[in-house]
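Remarks on the structure that follows.
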Amino acid sequence: MSKIIAVVSGGIDSVTMAYHLQAQGHDLHLLGIDYGQRHRRELDCARLAAKRLDVPYEEADLAGARGVLRGSSLTDTSVEVPTEGIASTGTADDGVAVPGRPNIVPNRNALLLSTAFALAVVERAEAVAFGIMAEDIGPSDTSMEFLDAFLAMERIATRGHAHPDLDLLAPLAQLRKREVIALGDRLSVPFEDTWTCFRGEEFHCGRCASCTERRGAFVAAGVDDPTVYAAPAVATEGA
């Protein structure tokens with residue numbers, strides 16, 4: 001059994017990861033991070049996941065970073081949340097948010113992981129767990145190359161202070177969204193208490209790229225979707 005700092009946003013992937021790691025017998029400490037995201041509703045779900053798993057939960061307040069993370073629909077209210085396109089919140093190839101990819105948050109994962117490793121030092125944890133899945137993996141801060149390099153950097157940065165075998169885990173990296181949902185279903189993850197929508201309103205909007213991906217993944221997994229959406233699913237041609 002290892003002590004693990006699990007970065008949990010409150011979304012399907014990270015909550016399922018936490019349930020999966022606990023089922024494997026690990027000692028979890030959940031970390032939620034407020035980086036100024038407009039969909040802070042997700043952090044309510046992170047807190048609830050920790051309560052249900054009966055594990056410690058901490059929340060880092062990095063909301064002041066919103067200003068330097070401008071240009072993304074996730075952090076900048078002047079940027080409209082798109083109703084179509086890729087839901088991934090990774091970084092663009094050149095490391096900046098670009099027109100047509102407003103869900104990109106530049107260097108966000110480095111910010112989140114730095115915070116998690118700081119907590120890992122304090123807690124003498126053996127690993128940090130990050131809930132990326134196969135469809136998140138891209139050329140930049142969601143790549144396995146990035147995660148490997150980040151771990152190498154942290155082992156130097158925390159040398160003499162952290163656990164000597166400090167590790168960075170991405171247990172869902174080989175799973176597609178539908179497979180994550182199937183895993184969560186087997187683990188009895190309460191999907192109704194996870195948050196995906198980028199708009200962060202009372203209910204999932206049902207229109208943004210993230211909601212569309214969520215809906216489609218439940219259908220592909222053959223699992224009932226308990227999510228309350230403000231807008232009905234758009235019928236496809238021939239349906």
Side-chain angles (χ1 to χ4, degrees), residues 1-33 37 39-59 74 86-90 103 108-109 112-113 116 119 125 127-138 142 144 147 167-198 200 204 208-229:
M1 181 175 70
S2 301
K3 184 170 186 177
I4 297 176
I5 304 299
V7 181
V8 174
S9 67
I12 286 175
D13 305 332
S14 62
V15 171
T16 296
M17 177 189 72
Y19 273 72
H20 173 61
L21 291 171
Q22 188 177 70
Q24 291 183 322
H26 296 295
D27 179 14
L28 295 187
H29 189 124
L30 268 55
L31 173 65
I33 302 176
Q37 64 268 47
H39 54 300
R40 284 187 179 86
R41 285 286 305 275
E42 66 179 6
L43 293 173
D44 294 336
C45 295
R47 285 188 288 270
L48 186 54
K51 182 178 180 180
R52 284 185 162 149
L53 291 169
D54 193 24
V55 299
Y57 174 81
E58 289 190 50
E59 194 168 294
L74 274 69
I86 299 172
S88 172
T89 57
N103 296 331
R108 182 189 70 146
N109 290 343
L112 304 185
L113 287 171
L119 181 58
V128 167
F130 203 50
I132 64 169
M133 56 158 188
E135 286 135 321
D136 292 327
I137 294 175
T142 55
M144 298 310 295
L147 295 181
D167 202 358
L168 174 55
L169 309 176
L172 306 184
Q174 302 302 315
L175 302 182
R176 300 185 71 80
K177 190 78 169 186
R178 65 177 182 274
E179 295 171 317
V180 173
I181 288 176
L183 173 62
D185 187 51
R186 293 194 298 272
L187 294 169
S188 299
V189 171
F191 292 122
E192 66 274 15
D193 292 322
T194 61
W195 190 265
T196 297
C197 184
F198 291 155
H204 282 76
C208 70
S210 191
C211 280
T212 300
E213 177 189 68
R214 180 182 177 113
R215 268 182 160 144
F218 273 104
V219 172
V223 174
D224 288 340
D225 184 358
T227 312
V228 176
Y229 296 102

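These values consider heavy atoms only, across backbone and side chains, with no hydrogens, waters or symmetry-generated copies. Remember, it's a predicted structure, so these values are computed and weren't measured experimentally.
- Rounding to the nearest 0.5 Å gives a distance of 7.0 Å between NE2 of His29 and NZ of Lys3.
- With values rounded to the nearest 0.5 angstrom, Ser2 atom OG is found 8.0 Å from Leu169 atom CG.
- Each salt bridge (charged side-chain N to carboxylate O under 4.0 Å, His left out) pair with one or both residues in residues 11-25, not counting sequence neighbours, appears once here: Asp13-Lys177.
- From Ser9, atom OG reaches atom CH2 of Trp195 across 12.5 Å, with rounding to the nearest 0.5 Å.
- Closest approach of Ile181 to Ala221, counting heavy atoms only: CG2-CB, 3.9 Å.
- To the nearest 0.5 angstrom, Asp185 atom CG is 9.5 Å from Thr16 atom OG1.
- The side-chain contact (heavy atoms from CB on, under 4.5 Å) check on Arg186 picks up Ala182, Leu183, with sequence neighbours excluded.
- When all heavy atoms are compared, the tightest approach of Leu187 to Ala23 is CD2-CB, 3.9 Å.
- Taking the ring-ring contact (aromatic ring centres under 6.0 Å, His included) definition, one finds that Phe191 meets it with Phe218, sequence neighbours left out.
- For the pair Leu43/Tyr57, a side-chain contact is recorded, criterion being any heavy-atom separation below 4.5 Å from C-beta on.
- Looking only at distances, no side-chain donor or acceptor of Ser14 sits under 3.5 Å from a matching main-chain atom of Gly131.
- Scanning all heavy atoms of the two residues, the minimum distance from Ala46 to Val8 falls at CB-O, 3.5 Å.
- No donor-acceptor pair closer than 3.5 Å links the side chain of Thr196 to the backbone N or O of Ser210.
- Here Thr227 pairs with Arg214, Asp225 under the side chain to side chain donor-acceptor pair (under 3.5 Å) rule; sequence neighbours left out.
- Residues Gln37 and Phe198 form no side-chain contact, since every pair of their non-hydrogen atoms from C-beta on lies 4.5 Å or further apart.
- Shown here are the side chain to side chain donor-acceptor pair (under 3.5 Å) partners of Asp193, two or more places apart in sequence or in another chain: Arg52.
- Taking the side-chain contact (heavy atoms from CB on, under 4.5 Å) definition, one finds that Lys51 meets it with nothing, sequence neighbours left out.
- Within 6.0 Å of atom CD in Glu192, more than 12 heavy atoms from other residues, nucleotides or ligands are found, so the atom counts as buried in its surroundings.
- With sequence neighbours left out, the salt bridge (charged side-chain N to carboxylate O under 4.0 Å, His left out) criterion links Glu59 to Arg47.
- Taking both residues in full, the closest heavy atoms of Ala170 and Leu147 are given as CB-CD1, 4.0 Å, listed atom of the first, atom of the second, then distance.
- Once rounded to the nearest 0.5 Å, the distance linking OG1 of Thr194 with CZ of Arg41 reads 11.0 Å.
- Looking at residues two or more places apart in sequence or on another chain, you find no side chain to side chain donor-acceptor pair (under 3.5 Å) involving Tyr19.
- Applying the side-chain contact (heavy atoms from CB on, under 4.5 Å) rule to Leu21 yields the partners Ile4, Met17, Gln24, His26, Leu28, Ala129, Pro171; only residues at least two apart in sequence or on another chain are considered.
- Within the model, atoms CD of Glu135 and CD of Glu179 stand 8.5 Å from one another, a figure rounded to the nearest 0.5 Å.
- Residues that satisfy the side-chain contact (heavy atoms from CB on, under 4.5 Å) test with Leu112, not counting sequence neighbours, are Ile33, Tyr35, Arg108, Asn109, Phe130.
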